[in-house]
Amino acid sequence: MERPIQLNQNNLEALGSHIPVPNYNRNSATADIVHIGVGGFHRSHLAYYLHLLKNDGETSSLCGIGLREADAKLHDIFKEQDHLYALMVKHPDGKITPEIIGSIVDFKMGTSDPEPVISQMAHANTKIVSLTITEGGYNFNPTTGAFNFENPDIQHELRHPSDPITVYGFLCAALKRRRDASLPAFTIMSCDNIEHNGDMARKMLLAFAEVQNPELAQWIAEEVRFPNSMVDRITPVTTPSDIEILAQNFDVRDAWPVTCEPFIQWVVEDKFSNGRPALEKVGVQFVADVGPYEKMKLRLLNAGHSVLGLLGALHGYPTINACVEDHVFAKYIRAFLDQEVTPVLGPIAGIDLEEYKTSLLERFANPNIKDSVSRICSESAAKLPKFLIPTIHENLAIGGNIKLATLVIAAWCYYSDKQKDQSGAPLEILDAMKGKLHDAAKETPNNTLAFIEQESLFGTLAKNERFTTTYKNMLAKLYTTEGVKKVMEEIS
Ligand code: CS2
């Protein structure tokens with residue numbers, strides 16, 4: 001046999017001699033969960049939980065769906081590999097434990113022909129449609145929170161319901177078919193980092209459906225459940241060296257493995273339209289109200305990431321662990337979590353917040369994970385209004401501390417303006433709003449508040465005197481001679 005061993009169904013037995021492989025039947029006819037947005041996070045999280053469940057004898061399986069041209073790459077790789085992939089868990093002591101995951105049994109693209117995707121979602125076996133479409137994928141207007149009907153793809157789907165493009169068009173086409181065939185509705189399960197992610201999915205889908213087909217909207221409102229959930233596992237971008245390590249050290253040829261940390265958590269509301277797999281058997285927590293867990297995770301972990309990411313980018317650190325290895329950054333992030341986030345979180349049943357924060361910092365410090373600052377800073381315009389800016393508003397309302405978060409906003413302005421770190425090295429900026437952010441930020445020398453006057457991102461912050469005074473002060477420090485680290489030292 002050729003070495004390293006090519007990952008596919010036929011080679012599973014050979015691979016099984018040195019790496020854990022699925023112990024179950026991978027029959028594609030049994031896919032009962034259809035997942036839209038098969039990125040690294042889906043593969044380290046929901047697909048992994050389902051893999052554990054299948055190893056335990058349950059039959060539930062996943063069919064992945066790609067609605068963007070960019071998904072074709074994974075589609076093609078999966079075709080070669082029978083939808084198998086390696087999940088490489090990276091431990092803080094340097095150990096890597098890879099495992100072959102087989103819970104995804106099919107993958108369909110919806111870009112050129114929507115029919116296979118609609119029929120998969122409308123199939124009698126489908127019980128759940130799950131989503132990881134990113135914070136930016138929900139198609140709402142950030143200023144008003146309302147559905148964005150101006151999106152040309154949405155306009156197209158409203159005129160041509162049988163030719164869907166976005167997740168909303170596909171969901172409506174499939175749900176309509178189910179209703180017409182008297183099949184039960186599926187559950188729509190959002191796995192994105194948004195507070196009340198299920199409520200958000202429901203609000204957006206109903207807004208769309210009410211315009212496209214009001215009768216269908218009524219049926220969706222009555223029949224479809226949208227559980228809220230808190231999802232967690234740090235999943236860095238796969239690098240060419242991960243592929244090489246898998247081949248050299250573990251004898252597996254996989255064109256797109258996934259790497260992640262050992263930690264994993266999923267807290268979900270137990271509201272399902274059409275049954276669900278017994279995920280509690282593999283550690284998923286089912287609760288009546290996920291709100292406090294979501295808020296805790298988004299405001300501490302995701303915001304903590306953004307704080308380290310933006311300040312680290314300016315200083316020139318490449319990874320999150322490099323940031324927290326620096327005691328100035330470590331002190332700063334703990335102070336941010338303690339002084340600015342903890343006061344706006346209520347009590348959370350069963351959680352010791354001190355322990356949670358300490359474990360978070362240990363996770364950030366995992367030296368083996370090398371989560372890039374550029375991944376964390378990517379799409380900051382979609383992330384910060386969810387992760388960080390609400391904390392500033394809430395602290396302003398209660399007279400709480402705001403300076404540590406405010407420096408991050410000033411750093412984001414500098415980052416968007418200069419697009420370089422403070423030693424002049426260019427930064428890789430990936431953001432759908434990159435151009436707009438740059439245009440606003442570069443006005444700063446003429447109008448200090450230009451960046452935060454973008455109301456769709458910052459709400460009314462530019463009108464709050466306490467905030468603007470602190471912000472101007474931070475900007476002055478960053479734009480003059482003091483390096484970001486010096487400012488962090490001064491204020492934490
Ligand atoms: C990160 C998240 O993208 C980000 O900014 O904070 O991807 C984070 O790693 C995950 O939500 C962890 O569960």
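Just the heavy atoms: all of them, side chains too, but no hydrogens, waters or symmetry mates, feed the values below. Read the numbers this way: they start at 1 and go in the same order the structure lists the ligands and their atoms.
Each of Arg299, Lys297, Lys386 was scored for a salt bridge (charged side-chain N to carboxylate O under 4.0 Å, His left out) with Glu195, with one residue passing: Arg299.
With Asp254 contributing its side chain and Tyr85 its backbone, the two residues share no donor-acceptor pair below 3.5 Å.
By the 30° and 60° cut-offs, the orientation of the rings of His42 relative to His35 is parallel.
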Give every pair made of an N or O atom of ligand 1 and a protein N or O atom lying under 3.5 Å apart, one pair per line with both atom names and the distance to 0.1 Å, or write 'none'.
{"from": "ligand 1", "atom 1": "3 (O)", "to": "Lys383", "atom 2": "NZ", "distance (Å)": "2.9"}
{"from": "ligand 1", "atom 1": "5 (O)", "to": "Lys383", "atom 2": "NZ", "distance (Å)": "3.0"}
{"from": "ligand 1", "atom 1": "6 (O)", "to": "Asn302", "atom 2": "ND2", "distance (Å)": "3.0"}
{"from": "ligand 1", "atom 1": "6 (O)", "to": "His305", "atom 2": "ND1", "distance (Å)": "2.8"}
{"from": "ligand 1", "atom 1": "7 (O)", "to": "Arg375", "atom 2": "NH1", "distance (Å)": "2.9"}
{"from": "ligand 1", "atom 1": "9 (O)", "to": "Arg375", "atom 2": "NH2", "distance (Å)": "2.9"}
{"from": "ligand 1", "atom 1": "11 (O)", "to": "Asn193", "atom 2": "ND2", "distance (Å)": "2.9"}
{"from": "ligand 1", "atom 1": "11 (O)", "to": "Lys297", "atom 2": "NZ", "distance (Å)": "2.7"}
{"from": "ligand 1", "atom 1": "11 (O)", "to": "Asn302", "atom 2": "ND2", "distance (Å)": "3.0"}
{"from": "ligand 1", "atom 1": "13 (O)", "to": "Asp232", "atom 2": "OD1", "distance (Å)": "2.6"}
{"from": "ligand 1", "atom 1": "13 (O)", "to": "Arg233", "atom 2": "N", "distance (Å)": "2.9"}
{"from": "ligand 1", "atom 1": "13 (O)", "to": "Lys297", "atom 2": "NZ", "distance (Å)": "3.1"}

Next item on the list: Evaluate the salt bridge (charged side-chain N to carboxylate O under 4.0 Å, His left out) criterion for residues Lys436 and Glu443: first the C-alpha distance (whole Å), next the side-chain angles of each, then the deciding distance (0.1 Å), finally the verdict.
Entry: CA-CA 11 Å; Lys436 275 196 175 163; Glu443 288 308 309; over 6 Å; no
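Under the side chain to side chain donor-acceptor pair (under 3.5 Å) criterion, Asp417 pairs with Tyr479, sequence neighbours left out.
Within 6.0 Å of the NZ atom in Lys442, the count of heavy atoms belonging to other residues, nucleotides or ligands exceeds 12.
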